[in-house]
> 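Before I ask anything, here is the structure I am working with.
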Amino acid sequence: MDGWGEAPGPPAGSPDVAGLDLRPALEAVLMVVDEPATAEQLAKAVERPQRAVTRALRELADEYTAQGRGFELRLVAGGWRFYTRPAYAAAVESFVLDGRQARLTQAALETLAVVAYRQPVSRSRVSAVRGVNCDGVMRTLLQRGLVEEGGTEPETGAILYRTTHYFLERMGLRGLDELPELAPFLPEAEAVEPESREGVASFDPDAPDTDDSGPPQTEL
């Protein structure tokens, strides 16, 4: 047989990815990503040099802004992804939530802020900064994927917590260095009183949520 032993070519009718128009190809890929895609990943997908892909992504982002589109292309957490433009967020929330409450409670937001600015930080340190036990809200943040375990404290063996890549994505940050300058308003670790609950046993992830005070409730 002619050509026996040679590597087979692409199937008949298969697309020549490298021959596609770059910007529409990038748009098509970005429409299906479920997390920010890096320029390297996108370059591999469209079979183009990474530098050309990065340039095209920035041009697309500028074009969407100039046209006042309802979405924008942003570089977040090291990757590119489409996001709703803030001016039209209310319309999206109305459609997606349909009256359901999906926001974090004030207690959860406060706990998340302490973790973000003091990470890696133990649960008892967070409780000491807030002045209340944070078992329930910490469990909520873990379940939401906003925080994760990040080792243990050498002196006490307490589990340390840190924010996740998903946290950066949800907050629209490229990295932790883009957090607002709020850390000076939180007390230093040395200022936390010695009885900061370091000896409190780790919480049970399967236990029902409880509020910082009062009867049990479900934390959003």
Side-chain angles (χ1 to χ4, degrees), residues 10-11 13-113 115-117 119 140-148 162-183 219-220:
S14 64
D16 178 11
V17 176
L20 297 173
D21 289 340
L22 177 56
R23 300 208 310 178
L26 289 172
E27 290 176 321
V29 174
L30 288 167
M31 287 293 293
V32 299
V33 300
D34 55 6
E35 62 181 19
T38 66
E40 181 180 1
Q41 291 173 323
L42 293 169
K44 183 177 180 180
V46 299
E47 299 181 6
R48 301 293 181 84
Q50 184 173 333
R51 179 173 298 182
V53 167
T54 299
R55 181 171 59 253
L57 289 167
R58 297 190 182 281
E59 290 173 352
L60 285 172
D62 292 341
E63 180 179 304
Y64 299 147
T65 298
Q67 294 176 350
R69 306 295 287 272
F71 60 90
E72 59 185 352
L73 179 59
R74 287 166 29 194
L75 177 61
V76 172
W80 295 84
R81 188 178 183 183
F82 286 127
Y83 289 87
T84 300
R85 197 169 295 279
Y88 303 99
V92 177
E93 290 179 359
S94 177
F95 176 77
V96 174
L97 300 182
D98 191 23
R100 293 173 296 167
Q101 180 57 263
R103 298 180 183 275
L104 291 173
T105 62
Q106 184 65 31
L109 288 172
E110 291 175 1
T111 301
L112 182 58
V115 174
Y117 284 103
Q119 62 184 307
T140 295
L141 297 175
L142 284 165
Q143 292 172 343
R144 291 286 188 91
L146 294 169
V147 302
E148 63 185 359
R162 63 191 179 195
T163 54
T164 62
H165 186 86
Y166 180 64
F167 165 81
L168 294 177
E169 179 184 342
R170 298 301 298 173
M171 295 298 160
L173 303 174
R174 301 185 189 186
L176 294 175
D177 58 333
E178 291 191 350
L179 284 170
E181 292 295 331
L182 295 179
E219 194 86 59
L220 291 178

> For the pair L112 and F167, evaluate side chain to side chain contact (heavy atoms under 4.5 Å, CB included) and give the outcome as yes or no after the intermediate values.
CA-CA 9 Å; L112 182 58; F167 165 81; 3.8 Å; yes

> Kindly compute the distance separating CG (L104) from OG1 (T140), expressed to the nearest 0.5 Å.
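If we round to the nearest 0.5 Å, L104:CG and T140:OG1 are 8.0 Å apart.
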
> When you measure from the side chain of Q119 to the backbone of A116, do you find a donor-acceptor pair of N or O atoms at a distance under 3.5 Å?
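Flag set: sc Q119 to bb A116 pair under 3.5 Å.
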
> More than 12 non-hydrogen atoms from neighbouring residues, nucleotides or ligands closer than 6.0 Å to CD on E40, yes or no?
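No - once you tally the heavy atoms of other residues, nucleotides and ligands closer than 6.0 Å, there are 12 at most.
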
> Taking R162 first and then E148, would you say they form a salt bridge - that is, a charged N and a carboxylate O separated by under 4.0 Å?
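Yes, charged N to carboxylate O under 4.0 Å.
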
> Under 3.5 Å, side chain of Q41 to main-chain N/O of T38, donor-acceptor pair present?
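Yes, Q41 side chain to T38 backbone: donor-acceptor pair under 3.5 Å.
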
> Applying the side-chain contact (heavy atoms from CB on, under 4.5 Å) test to L73, which of L26, L60, D62 qualifies?
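Single pass found, and it is L60.
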
> For A90, does its backbone N or O pair with a side-chain atom of S94 as donor and acceptor, under 3.5 Å?
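Pair absent, no side-chain N/O of S94 close to backbone of A90.
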
> Identify the two heavy atoms, one from V46 and one from A25, that lie closest to each other, and give their separation to 0.1 Å.
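Minimum heavy-atom separation between V46 and A25: CG1-CB, 3.9 Å.
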
> If I compare all heavy atoms of L22 with all of A52, which pair ends up nearest, and what's the gap?
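Residues L22 and A52, closest heavy atoms: CD2-O, 3.8 Å.
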
> Applying side chain to side chain contact (heavy atoms under 4.5 Å, CB included), run through L176 and L168 and close with a yes or a no.
CA-CA 8 Å; L176 294 175; L168 294 177; 3.9 Å; yes

> Apply side chain to side chain contact (heavy atoms under 4.5 Å, CB included) to R174 and V76, showing your working.
CA-CA 5 Å; R174 301 185 189 186; V76 172; 5.8 Å; no

> Please report the closest heavy-atom contact between G172 and E178, naming both atoms and the distance.
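Looks like O-OE1, 4.4 Å.
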
> Give me the atom names and distance for the closest heavy-atom approach of A45 to V17.
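Closest approach of A45 to V17: O-CG1, 3.3 Å.
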
> Starting at CG of L179, measure out to CE of M171 and round the result to the nearest 0.5 Å.
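So the gap between those two atoms works out to 9.0 Å.
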
> State plainly whether the residues E63 and R69 are in salt-bridge range, i.e. N to O under 4.0 Å.
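No.
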
> Measuring from L42:CG to L30:CG, what's the distance to the nearest 0.5 Å?
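Output value for this atom pair is 5.5 Å.
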
> Strictly by modelled atom types, are T65 and E72 linked by a side-chain donor-acceptor pair under 3.5 Å?
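Result is no, nothing qualifies.
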
> Can W80 and R74 be said to form a side chain to side chain contact (heavy atoms under 4.5 Å, CB included), step by step?
CA-CA 6 Å; W80 295 84; R74 287 166 29 194; 6.0 Å; no

> When rounded to the nearest 0.5 angstrom, what distance separates CD in Q106 from OG1 in T111?
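Nearest 0.5 Å value for the CD-OG1 distance: 10.0 Å.
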
> Are F71 and Y64 an aromatic pair, judged by ring center distance below 6.0 Å?
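Ring centres of F71 and Y64 closer than 6.0 Å.
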
> If you compare all heavy atoms of P36 against all heavy atoms of Y83, which two are closest, and at what distance to 0.1 Å?
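Taking every non-hydrogen atom into account, CG-OH, 3.8 Å.
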
> If only atom types and distance count, is the side chain of T84 paired as donor or acceptor with the main-chain N or O of A89 below 3.5 Å?
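A pair under 3.5 Å: no.
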
> Starting at CZ of R144, measure out to OH of Y166 and round the result to the nearest 0.5 Å.
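That separation rounds to 8.0 Å.
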
> Would you check if the side chain of R48 reaches a backbone N or O of A18 as a donor-acceptor pair within less than 3.5 Å?
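Yes, because the side chain of R48 sits within donor-acceptor range (under 3.5 Å) of the backbone of A18.
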
